[in-house]
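Reviewing the structure listed below.
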Protein chains: 2
Amino acid sequence: MTRNSTLGNMLDKAAAVLDCYRPNGGAFRLTDITAKTGLSKTTAFRLCADLVRLGLLEREADTYRLGGKLFELGSLVPRRHDLRETALPFLQDLFEATHETVHLGVREGHDVVYVERIHGHQAVTLPSRIGGRLPLTCTGVGKALLAFSGTDLTEEVLAEPLRRLTPYSVTDPARLRTAIEQIQVSGLAYEEQEAALDVSCIASPVFDGPTAVAALSVAVPRARFHPARLAPAVRTAALGLSRALRSGRTV
Amino acid sequence: MTRNSTLGNMLDKAAAVLDCYRPNGGAFRLTDITAKTGLSKTTAFRLCADLVRLGLLEREADTYRLGGKLFELGSLVPRRHDLRETALPFLQDLFEATHETVHLGVREGHDVVYVERIHGHQAVTLPSRIGGRLPLTCTGVGKALLAFSGTDLTEEVLAEPLRRLTPYSVTDPARLRTAIEQIQVSGLAYEEQEAALDVSCIASPVFDGPTAVAALSVAVPRARFHPARLAPAVRTAALGLSRALRSGRTV
DNA sequence: AAAATATGTTCCATGACACGGAACAGCACG
DNA sequence: CGTGCTGTTCCGTGTCATGGAACATATTTT
């Protein structure tokens, strides 16, 4: 009868249920949810039923998935929506120039959150997905953001152990520090197989003030990786978007 | 002390708060929220504080906006995400062929919900937005969906008064019925200034079985509206996507 | 076939906690 | 200075979310 002490109120519990689905979505059964959240079977059952009734979860034969209303609400989040809307034309330009996978990401804590990801028929296989999170240190977009987010953040990130997604991920703080310095002078971040095997990436920061508000990149299979051709396109798109953001703000 | 009887539990109240932001997002103050939801000031205050703590809402100087976690969760909704992922290459093709605003939408009840919307620098002004809802009867995508969602739904929609977004919106059930029949034989839905002034649109349904699972369209300013050029492109993209969905399912 | 294990589901008494009214605090007005 | 508007804190009350136990229904093991 004593309430579960770890989660405060009903809302915390509901949020815990939803958090089960981060960062990869999927479909879970009631038992999976009780295991992940620590909620009692009864509580999880009632909670899921409520969430289904509210459209935040959907049910299909003993499994629960995220519901359509979350999609609607997520699309309305102003910070994301506004950025995406101004960025999209530039991302399209970049895609049309390269026909490679194009990313737009923002920083959230020590992670990059992808706001947009467009690609054609031959998509590279990458851990990135819209709304997904990856460590700042393992991706082109992340490194571009990190290099222009202030020295405090850089030191914070370098202080803790660097995560590894592939054997090529940079885990030596000293190497990362020099990489960041190069990014700061060139305005371009390179990444080779550090997030996924056989995928390289060029990224460039987007500014709306002193620090980067976003970064965009193209990711290409290693066989087609030609920096001399890609770098100017990425840089152009990033500068164009920066200018659009500034002019939008002064209106 | 008597509890608000109209909303059952704490979760209902939280969902009511989030629903304030549909369908147009924005930023609301505490008073706005109490007015829209009917919650008491105290309850709304506590609830919003909880939602901010959970990342579902963000606060900025006495106003609340939808929070970043909703964006993350919304992007993971499987039904939407999977469709978007397979559709994107075809939408890109269509955009590259036309350089006009491209839509992808699905049906939800008597509305169309837009799953994707891509555009270049000269975007047409339209009420459509990703995650947004519009009446099936006022948009190209909507009419394409309606024409291939079974006669039961058609009759349901025709039975109730038809909504009007512009002076050109079709409100005569008889005219809409013949329009639907034309769509059914041609596989193409036309719409001229019925959703927004000065914008016309050609749409085509996407199939993964007997009924349409989605529809895609291009929307163009009236001055550039050349059906003979646009229709084949739209049709090609829709057929390509249909085929990709089918082959994806049989794997 | 029976037993065992795993699911999802319903029932219930209980007390933790969400509730709204009242009071307070800070601002902008005229 | 008062008056009207915000957001915020406090607190006693009783509602309703809670988890255990029991039930239902599959699937697997003996």
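Note on naming: letters A, B, ... go to the chains in the order of the sequence lines (proteins, then strands), and numbering restarts at 1 for each one.
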Which of the following nucleotides, D:dC10, D:dT18, D:dG7, is nearest to the side chain of B:Thr42?
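Within the option list, the nearest is D:dC10.
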
Choose from D:dT6, D:dT8, C:dT9 the nucleotide whose nearest atom is closest to any side-chain atom of A:Tyr64.
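Ranking D:dT6, D:dT8, C:dT9 by closest atom to the A:Tyr64 side chain puts C:dT9 first.
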
Give the rounded distance in Å between these two atoms: [atom1] of [X] and [atom2] of [N].
{"X": "A:Leu30", "N": "D:dT25", "atom1": "CG", "atom2": "P", "answer": "18 Å"}
{"X": "B:Asn9", "N": "D:dG14", "atom1": "CG", "atom2": "P", "answer": "21 Å"}
{"X": "A:Lys13", "N": "C:dA16", "atom1": "NZ", "atom2": "P", "answer": "13 Å"}
{"X": "B:Asp62", "N": "D:dT8", "atom1": "CG", "atom2": "C1'", "answer": "10 Å"}
{"X": "B:Asp12", "N": "C:dA18", "atom1": "CG", "atom2": "C1'", "answer": "14 Å"}
{"X": "B:Phe28", "N": "D:dT6", "atom1": "CZ", "atom2": "P", "answer": "15 Å"}
{"X": "B:Leu47", "N": "D:dT9", "atom1": "CG", "atom2": "P", "answer": "16 Å"}
{"X": "B:Lys41", "N": "D:dC5", "atom1": "NZ", "atom2": "P", "answer": "11 Å"}

Give one of base, sugar-phosphate or nothing for A:Arg46, where a contact means two heavy atoms less than 4.0 Å apart.
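Base, at least one base atom sits under 4.0 Å.
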
Less than 4.0 angstrom between a side-chain N/O of B:Thr31 and OP1 or OP2 of D:dG7, yes or no?
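It does, given that an N or O in the side chain of B:Thr31 lies less than 4.0 Å from OP1 or OP2 of D:dG7.
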
Does the side chain of B:Arg29 get closer than 4.0 angstrom to OP1 or OP2 of C:dC27 through an N or O atom?
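Answer is no, no contact under 4.0 Å.
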
I want to confirm an ordering. Mapping B:Phe45 and B:Met10 to their closest nucleotides on DNA chain D, which one lands closer to the 5' end?
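Residue closer to the 5' terminus by nearest nucleotide: B:Phe45.
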
Determine whether a donor-acceptor pair (N or O, by modelled atom type, separation under 3.5 Å) exists between the side chain of A:Thr63 and the backbone of A:Phe28.
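No: the side chain of A:Thr63 does not pair with the backbone of A:Phe28.
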
State whether the side chain of B:Ser242 and the backbone N or O of B:Phe207 hold a donor-acceptor pair below 3.5 Å, judged by distance alone.
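Yes; at least one donor-acceptor contact below 3.5 Å.
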
Going by the angle between their ring planes, with limits at 30° and 60°, are A:His121 and B:Phe90 parallel, tilted or perpendicular?
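Aromatic pair A:His121/B:Phe90 classed perpendicular.
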
For the pair A:Arg80 and A:Glu108, find out whether any cationic side-chain nitrogen is under 4.0 Å from an anionic carboxylate oxygen.
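So A:Arg80 pairs with A:Glu108 through a salt bridge.
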
